Amino acid sequence: MNVCVTGSGYVGLITGAGLATLGHQVICVDISKEKVGQINAGEPPIFEHGLADLMKTVVPKSLTATTDLTDAVKRSRIIFITVGTPSSRHGEIKLDQIEKISHSIGEALHDKKDYCLIVVKSTVIPGTTEKVVETVERVSGKEFGKDFGVAMNPEFLREGSALTDFFSPDRIIIGSPDKKSRETLKELYSSFSCPVLESSFREAEMIKYASNAMLATKISFINEIGNICKNLGIDTNKVAEGIGLDKRIGPHFLRAGIGFGGSCFPKDVSALAHQAATAGITPRVLRAVLDVNREQPNRLLAILDSHTPKGKKIAILGLAFKKDTDDVRESPSLSIIKELQMENSSLILYDPMGMKEVMKLFPHLTFASSAQEAVNKADIVLILTEWDEFKTVNFGDKLVIDGKNLLYERPPTNYEGVCW
Ligand code: UDX
């Protein structure tokens, strides 16, 4: 099928490259000429494991990029919306990019003769896809369900394993009141064998939020249990293993530590809590999830304080919000660095992939060229991202405080975990 993907950020690019690999003809659209140039040269503008190799096989045969939205829409049967939906300072979702792209797609549809399906893949609060329909109808003068279709189809891609998640999804959610829209999207995904759940727009939008909120809740839950366990001298990891063996609970997302970060969990839980409050419902659980998460880095700082670090040099191993990504957005490591800076601590930082971004944020800080160098030059070590390469570092008898459960099984001589 001919597909265009509007917004070539993380989700857009993975979706585009994934669909191209499945044999569809894909055009990625973006306003950034630089990004378009990179994609057409077969170079991913973002880092994701396996993406560079995959792009070599599909560009330009079945994946190209352009800044010309109208032309891409004219040539496509399916148009994905994968633009960003960031949060405001108060946690409210910002939908400007969705509104803008809906308007532009509406304009492009005005002269398009054949039927096409618009698929909202960006994470949007319930009620948004209905507004996309309204805008496209108003601007194009065409009728939803007759001239064009719309479906809400959330993504569940984890950074670092996004391509695996794309090719082996647990489920596909197709939200639309319109049968033809649902059938067209099912046809696009016909090579997948996972369950396909059909729903309304709002149900699909909410499934995405509720999924992320559930996973974030599991993390804050185990972190709270972990804080209690640490205080009572109980091994949190053994407790997580024990509860995870219950099939109703499951073993995933029970790794205690300094809390969740990244571009999704903090933003999505806040957006849902904000929407609930706007609707007059007090989101008690969601707020508690965010509260525990905000506090969790302080647990590690309290442990550090108990070891009287004044005047000692601290190595920060890990800046990315998790391993296998260069993404430092909402990384707990950054809030720990900010706190330590306020106390005028002497720091040396290292991350295999996240240093470029952090150098822009904290240009005056000292960065090491390897984890071992950072450790050699410091008195105390904080592990803030679970990179595998940190497991082979020689810590000698330096104090290592582990915020990510990395060295739990083979701890160094002088070791303390945040919840264990
Ligand atoms: C998440 C969702 O998993 C994905 O489905 C969604 O579409 C986008 O958001 P991502 O943010 O890439 O993906 O990472 P994920 O692996 O889910 O981890 C999120 C955060 O939780 C990370 O900071 C991670 O370190 C933390 N985490 C995860 C824990 O602290 N403990 C765990 O047990 C699992």
Side-chain angles (χ1 to χ4, degrees), residues 9-12 14-15 18 46-49 82 84-85 87 121-124 153-166 168-173 204-205 207-227 236-237 239-241 243-244 249-272 289-290 292-297 299-300 318-336 351 354 383-388 402-406 408 417-420:
Y10 196 81
V11 173
I14 300 292
T15 306
I46 51 148
F47 174 80
E48 177 58 36
H49 185 66
T82 51
T85 50
S87 327
K121 207 175 233 323
S122 303
T123 300
V124 291
N153 170 228
E155 53 82 18
F156 302 101
L157 306 171
R158 285 166 302 169
E159 289 188 27
S161 46
L163 287 170
T164 311
D165 291 343
F166 178 89
S168 315
D170 287 346
R171 77 300 209 187
I172 292 172
I173 310 293
E205 291 164 329
I207 286 167
K208 167 68 193 224
Y209 277 103
S211 299
N212 275 356
M214 180 71 227
L215 295 170
T217 303
K218 279 187 97 173
I219 299 169
S220 278
F221 171 81
I222 197 63
N223 283 341
E224 182 155 290
I225 294 291
N227 297 339
T236 308
N237 289 318
V239 173
E241 191 183 343
I243 61 175
I249 297 171
H252 304 292
F253 281 73
L254 290 177
R255 216 179 56 242
I258 46 172
F260 56 79
S263 64
C264 289
F265 286 177
K267 166 176 94 74
D268 293 350
V269 180
S270 298
L272 185 56
V289 167
L290 293 169
V292 171
N293 199 55
R294 209 173 296 116
E295 274 296 307
Q296 209 56 18
R299 296 271 159 187
L300 183 134
L319 304 169
F321 82 98
K322 65 173 192 181
K323 70 171 179 175
D324 297 335
T325 178
D326 58 359
D327 197 343
V328 299
R329 283 177 289 176
E330 302 285 333
S331 175
S333 179
L334 298 190
S335 50
I336 288 171
D351 188 284
I383 303 225
L384 305 183
T385 311
E386 67 282 21
W387 287 103
D388 288 330
D402 186 355
K404 280 289 183 176
N405 226 328
L406 185 75
Y408 161 74
V418 69
C419 292
W420 53 95

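Counting convention: from 1, in listed order, for ligands and their atoms alike. Since we're looking at a predicted model, the values are computed, not measured.
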Original post:
Quick one: does K208 get within less than 4.0 Å of ligand 1, heavy atoms only?
Top reply: yes
Original post:
Which one holds for D165 and ligand 1: side chain close, backbone close, both close, or neither close, with close meaning a heavy atom under 4.0 Å?
Top reply: neither
**OP:** Pick one of side chain, backbone, both or neither for how I222 approaches ligand 1, counting any non-hydrogen atom pair under 4.0 Å.
**Re:** neither
**OP:** Report the distance from atom CG of D388 to atom CG of L406, rounding to the nearest 0.5 Å.
**Re:** 7.0 Å
Subject >> Selection from K322, E330, R255 by shortest heavy-atom distance to atom 18 (O) of ligand 1 >> reply: K322
**OP:** Indicate yes or no: does an N/O atom of F321 lie under 3.5 Å from an N/O atom of ligand 1?
**Re:** yes
Original post:
Which atoms of ligand 1 sit under 4.0 Å from any heavy atom of F156?
Top reply: 5 (O), 7 (O)
Original post:
Tell me, which protein residue and heavy-atom name are nearest atom 27 (N) of ligand 1, and how many Å apart are they?
Top reply: I219 CD1, 3.4 Å
**OP:** Using a 4.5 Å cut-off on heavy atoms from C-beta on, say whether the side chain of F260 contacts that of N223.
**Re:** no
Subject >> Sub-4.0 Å heavy-atom contact, K404 with ligand 1 >> reply: yes
**OP:** Measure the distance from atom 1 (C) of ligand 1 to every protein heavy atom, then report the residue, atom name and distance (to 0.1 Å) of the closest one.
**Re:** F265 CE2, 3.5 Å
Original post:
For the residue pair F156 and S211, what are the closest heavy atoms and their distance?
Top reply: CE2-OG, 3.8 Å
Original post:
Hey, is the main chain of T85 close enough, under 3.5 Å, to the side chain of S122 for a donor-acceptor pair?
Top reply: no
Original post:
Looking only at heavy atoms, what is the nearest atom pair of G259 and Q296, with distance?
Top reply: N-CG, 3.9 Å
Subject >> A162 to Y10 - nearest heavy-atom pair and separation >> reply: CB-OH, 3.6 Å
**OP:** Looking only at distances, please establish whether an N/O atom of ligand 1 is found under 3.5 Å from an N/O atom of G262.
**Re:** no
Original post:
side chain to side chain contact (heavy atoms under 4.5 Å, CB included) with L384: which of L319, L334, L300?
Top reply: L300
Subject >> Exam field: side chain K404 to backbone T385, donor-acceptor pair closer than 3.5 Å >> reply: no
Original post:
Between the side chain of E48 and the main-chain N/O of S161, is any donor-acceptor distance below 3.5 Å?
Top reply: yes
Subject >> Distance filter under 4.0 Å to L254 heavy atoms, resulting ligand 1 atoms >> reply: 33 (O)
Subject >> Any G261 heavy atom less than 4.0 Å from ligand 1 >> reply: yes
**OP:** If you have a sec, work out which protein heavy atom is nearest atom 20 (C) of ligand 1 and how many Å separate them, to one decimal?
**Re:** F260 CB, 3.6 Å
Subject >> Per-atom contacts of ligand 1 with E155, taking only distances under 4.0 Å to non-hydrogen atoms >> reply: 7 (O)
Subject >> atom 34 (C) of ligand 1: nearest protein contact (heavy atom, Å) >> reply: F253 CD2, 3.4 Å
Subject >> ligand 1 N/O within reach of R158 N/O, cut-off under 3.5 Å >> reply: no
Subject >> Heavy-atom closest pair, residues G160 and H49 >> reply: O-CB, 3.7 Å
**OP:** Can you pull out the closest protein heavy atom to atom 9 (O) of ligand 1? Residue, atom name and distance to 0.1 Å, please.
**Re:** C264 CB, 3.0 Å
Subject >> Minimal non-hydrogen separation, E386 against K322, with atom names >> reply: OE2-CB, 3.6 Å
**OP:** Apply salt bridge (Lys or Arg N to Asp or Glu O under 4.0 Å) to R299 and list each qualifying residue two or more places apart in sequence or on a separate chain.
**Re:** none
Original post:
Tell me: protein heavy atom nearest atom 12 (O) of ligand 1, and distance?
Top reply: E159 N, 2.7 Å
Original post:
For atom 4 (C) of ligand 1, what is the nearest protein heavy atom, given as residue, atom name and distance?
Top reply: L157 O, 3.7 Å
